[in-house]
Amino acid sequence: PAKSLYHALVRNHRMETITQTATWQALEQHRRDTASLTISQRFAAEPDRFERMHGQLHGLLVDYSKNRITEETLTLLCNLADSAQVKQRMQAMRRGDKINTSENRASLHIALRLPENADPIMVDGENIVPKVHTELNRALSFAGSIIDGSHTGITGKRITDLVHIGIGGSDLGPQMGAQALYFYRT
């Protein structure tokens, strides 16, 4: 079978790391050149800054005008994404290519966010979207049973507290979710 673009890049030991590329170095130089400029200075020099540096995404306002960036920053960031082949790597992930090299498997993060009727994501010849939704529904059912008290602890008493143990990136999602949902707790 043909190797994914990602695997070909990762396994090429002569490949330079992203921080060694000319595009990264150009971005680093730009950062040094613009480090002393403040957002208020940028708005003073660019009265139309908001009009040029915002957009709508699925009904949400995405305002990046209040960041210390310039049009050149955006160009340099896009150049960096191109040199890192971000678009091709995203396509490889969406195809279900085995881009998780530490576990030699597909990275299925996007499948967790798709609706049940989404286009298939094929992994080893199988559409994994239905399986993902089966597991998501099991997790929702379990959470509901803890919330409504029908699932109890070993003592038969209602579960009122949870302990989550995680490190690094595996801890960030649950931590953010717990903080975001804190005021909605029952």
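Nothing fancy with the numbering, it's 1 onward along the sequence. Bear in mind the structure is a predicted one, so any value in this text is a computation, not a measurement.
A donor-acceptor contact closer than 3.5 angstrom is absent between the side chains of R94 and Q91. The closest side-chain donor-acceptor pair between Q20 and T17 falls under 3.5 angstrom.
Distance check: Q29 CD to W24 CH2 gives 14.5 Å after rounding to the nearest 0.5 Å.
When atom types are taken as modelled, the side chain of Q25 and the backbone of T19 share a donor-acceptor pair closer than 3.5 angstrom. N100 contributes a side-chain N or O that, together with a main-chain N or O of E103, makes up a donor-acceptor pair within less than 3.5 Å. When atom types are taken as modelled, the side chain of H133 and the backbone of L114 share a donor-acceptor pair closer than 3.5 angstrom.
When all heavy atoms of I69 and M53 are compared, the closest pair comes out as O-CE, 4.0 Å. Between I159 and H151, the shortest heavy-atom contact is CD1-CD2, 3.7 Å. Residues V123 and A106 approach most closely at CG2-CB, 4.0 Å, considering heavy atoms.
D161 meets the side-chain hydrogen bond (donor to acceptor under 3.5 Å, both in side chains) test with no other residue; sequence neighbours excluded. Considering only residues two or more places apart in sequence or on other chains, P130 meets the side chain to side chain contact (heavy atoms under 4.5 Å, CB included) condition with N127.
Between R32 and E28 there is a salt bridge, since a side-chain N of the basic residue sits under 4.0 Å from a carboxylate O of the acidic one.
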Counting only pairs under 3.5 Å, give me each side-chain donor-acceptor contact of residues 59-67, with atom names and distances, residues two or more places apart or in other chains.
| unit_1 | atom_1 | unit_2 | atom_2 | d |
| --- | --- | --- | --- | --- |
| D63 | OD1 | S65 | N | 2.9 |
| D63 | OD1 | S65 | OG | 2.5 |
| D63 | OD2 | K66 | NZ | 2.6 |

